[in-house]
Amino acid sequence: MSTGFELFTDRNVVAMRVNGELRDLAATTTTTDTVEPVTLDSPDGLSILRHSAAHVTAQAVQSINPEAKLGIGPPITDGFYYDFDVVEPFTPEDLKGIEKAMDRIIRQGQRFVRRVVTEDEARAELADEPYKLELIGLKGHVGHGDGSTDDNEDVEVGGAELTIYENVDGKTGEVYWKDLCRGPHLPNTRMIGNGWALVRNAAAYWRGSEKNKQLQRIYGTAWATKDELREYQERQAEALKRDHRKLGQELDLFSFPDEIGSGLAVFHPKGGVVRAEIENYMRERLIANGYEQVYSPHITKGDLFMTSGHLQWYKEGMFPPMHLDEEKDDEGNITRQGVDYYLKPMNCPFHNLIFDARGRSYRELPLRLAEFGTVYRYEKSGTLSGLTRVRGMTQDDAHIYVTPEQVKGEIASQLEFVLETLRGYGLDDFYLELSTKDADNPKFLGDEKLWADATETLREVATESGLELVDDPGGAAFYGPKISVQARDAIGRTWQLSTVQLDFNQPERFKLQYTAADGTHQQPVMIHRALLGSIERFFAILLEHYAGAFPVWLSPVQVVGIPVAEAYDDYLRDVIGQLKAKGVRAELDDSSDRMAKKIRTQTKNKVPFQLIAGEEDKANGSVSFRFRDGHQENGIPIADAIARITDSIATHAQV
RNA sequence: GCCUCCUUAGCUCAGUGGUAGAGCACCGCUCUUGUAAAGCGAAGGUCAUCGGUUCAAAUCCGAUAGGGGGCUCCA
């Protein structure tokens, strides 16, 4: 029998795994146990650190406001949070005070002490903590088919036995504070060190349901060292600098005029260039890969969405109808029945009608219909965010109709097409996510066997791609499972981009058919495929990925000519003219600014090529390049300069 | 939708009860020959909107709209 303190003398060890279970260092082990050390900087160690920091936050809050009732306080990515029921929400000043109190607790070096309690003991000790009592009650039902506690709540109540963690004085053993908790914890608050900070406060529903009361949540971050905290804060600052809303304003790309309404963007001329390039490239790729382009209107009679099922399942996500064509007599009696028209939230029903416009042969399949279809969704106001979550957006939407035998091959080639196209935009770090149905959720429609087969097919294709595959249980659409491509951007954030989704439901609802080789009528399988997601969102992702410094082909202005003095305007104007003739977006900066000011301005505009010329270059028939990072290449002959620029556009190069 | 914070000139922001300010951008003039800001001047705001308190409101209170951060949602 020995404790972790005896087994591990390395001070970086903060907990241990005993037979696979995380335990406090204070726990006792026997010689037959398998015991592994958990270091502070390991993923487990960081979670424990963050969880302990959450406890200290709660202790600090209750030391300031004893009336605050405790919710839950789990570790999360990069940090932790703790929820409180308080009469007055926390203010930024409150957070400063809480940080001070936390600092005192941390410096004091209080020990975390684990104590096993019976349910009755726990209820007695936590009589003033209604939320904790609720969790104890829930735990009582786990194993009786409830199973409703999620991972975060599990952090509080844990597995086989109820435990309370006490924060006690390192010397006297006096108990300062306690909380229902599974643990494990750091041996001592001092180990939280100085790599932590409170980040913000926000409201959050108790147990994640909007039917419940909103609690006040305090978010914090915690790291093994102060340096790692600083790196984290720098990453946050970098993300802020790249924020597409900020860059969109600075670079004059798009805006959201209040006069139009929430979540509805306009693209300015410069943003329009970028967007057109994004779309043009996509179009080229579609045509080269056997797609046919179709168009459909923005509104439709409601019946179409009854057929598709959208009005039954997603009506709250749609803009309310326009009621048209109703006529009444003088007494107000309806003499002609009106019709409801809806803005479309999805394009698929229209494409189904195109499929169904005439008899289809198996020889036509796979039939790939593609459209940049603008859709409107009545997103809740609180969910809107820049271009990434809007109420009006254009999907690069495609629906592919295949025979059941073609499903696997088509999905495999779709996946390849998707990845290749994304690489063309400069994204090349991907992993896949397989979204499947929950066993018992009634939201998911259709035959179990179909789901199982479809899921298996997707899994095979995903596995064969060789990319990392992550499971997303319960993430499927109501009509079928999907593979989504997640892309990592330049600073390591991941974005869900393309989705390839199987649908057996809509072909059934629309009674879609094709004539098979044997003359029988068969139902096609439908594949939904969005490559960029929405063009607005993809625009935002690229903008953040490149931090506004687009590769040349996407840059709104590709070349700016900067004469050393006015006398060289004409010389450079001629070079710019030659570039324009080749389709390059080139301009001459003939404003009255000094050269250095022009360089500053165009660098801030993130123009990829600045062409500078004065007497020296003019005499040699050359120009000098200056790039966004400030480096220069002087005296390049004009013809070479033009070739270099046009090549960089053709190859989608970054400069 | 819910909680919370915010909204002053085109942009970034000062201005905590006595009816508005700076820098940059825009416009005009003068100047300007080699790699990130030339000088001078003019113009620009019923302080998001509406209502209330007050002798007096950008400032205090309320509502509405828009935005940020979260929660919930995301076909």
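In what follows, chains are A, B, ... by sequence order, proteins preceding strands, each numbered from 1.
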Grab the N/O contacts between the protein and nucleotides 41-43 of chain B below 3.5 Å, and write none if there aren't any.
none

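Side-chain proximity of Y219(A) to G34(B), C71(B), C3(B): nearest is C71(B). Among the nucleotides G34(B), A38(B), A75(B), the one closest to any side-chain atom of R377(A) is A75(B). Taking only side-chain atoms of Y378(A), from C-beta outward, the nucleotide of C71(B), G66(B), G1(B) with the closest atom is G1(B). For R600(A), taking side-chain heavy atoms from C-beta onward, the closest of the listed nucleotides G34(B), C11(B), A36(B) is A36(B). The listed nucleotides are U33(B), G68(B), G1(B); the one nearest the side chain of A565(A) is U33(B). Among U33(B), U72(B), C31(B), the nucleotide with an atom closest to any side-chain atom of K380(A) is U72(B). Of the candidate nucleotides G69(B), A36(B), G66(B), A36(B) has the atom lying nearest to any side-chain atom of A596(A). The nucleotide whose nearest atom lies closest to any side-chain atom of D617(A) is, among G34(B), C3(B), A75(B), G34(B). Side-chain atoms of Q214(A) lie closest to C2(B) of the nucleotides C2(B), A36(B), G34(B). In this structure, of U35(B), G1(B), C31(B), it is G1(B) that holds the atom nearest to the side chain of E210(A).
Between S262(A) and the phosphate of G66(B), there is a side-chain N or O to OP1/OP2 separation shorter than 4.0 Å. In this structure, R626(A) reaches the A36(B) phosphate: one of its side-chain N or O atoms is under 4.0 Å from OP1 or OP2. Look at T383(A) and you won't find any side-chain N or O under 4.0 angstrom from OP1 or OP2 of C73(B). Remark: K597(A) is not in phosphate contact with C31(B), judged by side-chain N or O atoms under 4.0 Å from OP1 or OP2.
Put simply, CG on L240(A) is 13 Å from P on U12(B), counting in whole angstrom units.
Counting only N and O atoms by type, the side chains of S622(A) and D617(A) include a donor and acceptor under 3.5 Å apart. In the model, Q654(A) has no side-chain atom that pairs as donor or acceptor with a side-chain atom of Y546(A) under 3.5 Å.
The aromatic ring centroids of Y401(A) and H351(A) lie 6.0 Å or more from each other. Aromatic ring centroids of F267(A) and F539(A) lie under 6.0 Å apart. Between Y82(A) and F80(A), the distance from one ring center to the other does not fall under 6.0 angstrom.
Contact annotation: side chain of R200(A) to base of C5(B), donor-acceptor pair absent below 3.5 Å. The base of G70(B) is not paired with the side chain of Y205(A) by any donor and acceptor separated by under 3.5 Å.
Along RNA chain B, the nucleotide nearest to D258(A) and the one nearest to R391(A) differ in position, and the one closer to the 5' end is contacted by R391(A). Toward the 5′ end of RNA chain B lies the nearest nucleotide of Q249(A), the other residue of the pair K604(A) and Q249(A) mapping further downstream.
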Using distance only, find each side-chain donor-acceptor pair of residues 248-256 of chain A under 3.5 Å and give its atom names and separation, not counting sequence neighbours.
| residue | atom | partner | partner atom | Å |
| --- | --- | --- | --- | --- |
| E250(A) | OE2 | K246(A) | NZ | 3.2 |
| D252(A) | OD1 | H268(A) | ND1 | 2.7 |
| S255(A) | OG | H268(A) | NE2 | 2.7 |

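Around atom CD of E633(A), more than 12 heavy atoms belonging to other residues, nucleotides or ligands sit under 6.0 Å away. A 6.0 Å sphere centred on NZ of K315(A) holds no more than 12 heavy atoms belonging to other residues, nucleotides or ligands.
Contacts of residues 296-320 of chain A with RNA chain B (heavy atom under 4.0 Å): H310(A), Y314(A), G317(A).
Here the side chain of D489(A) pairs a donor or acceptor atom with the backbone of I491(A) at under 3.5 angstrom.
Of the residues listed (N347(A), D397(A), T394(A)), the one engaging T374(A) in a side-chain hydrogen bond (donor to acceptor under 3.5 Å, both in side chains) is T394(A), and it is the only one.
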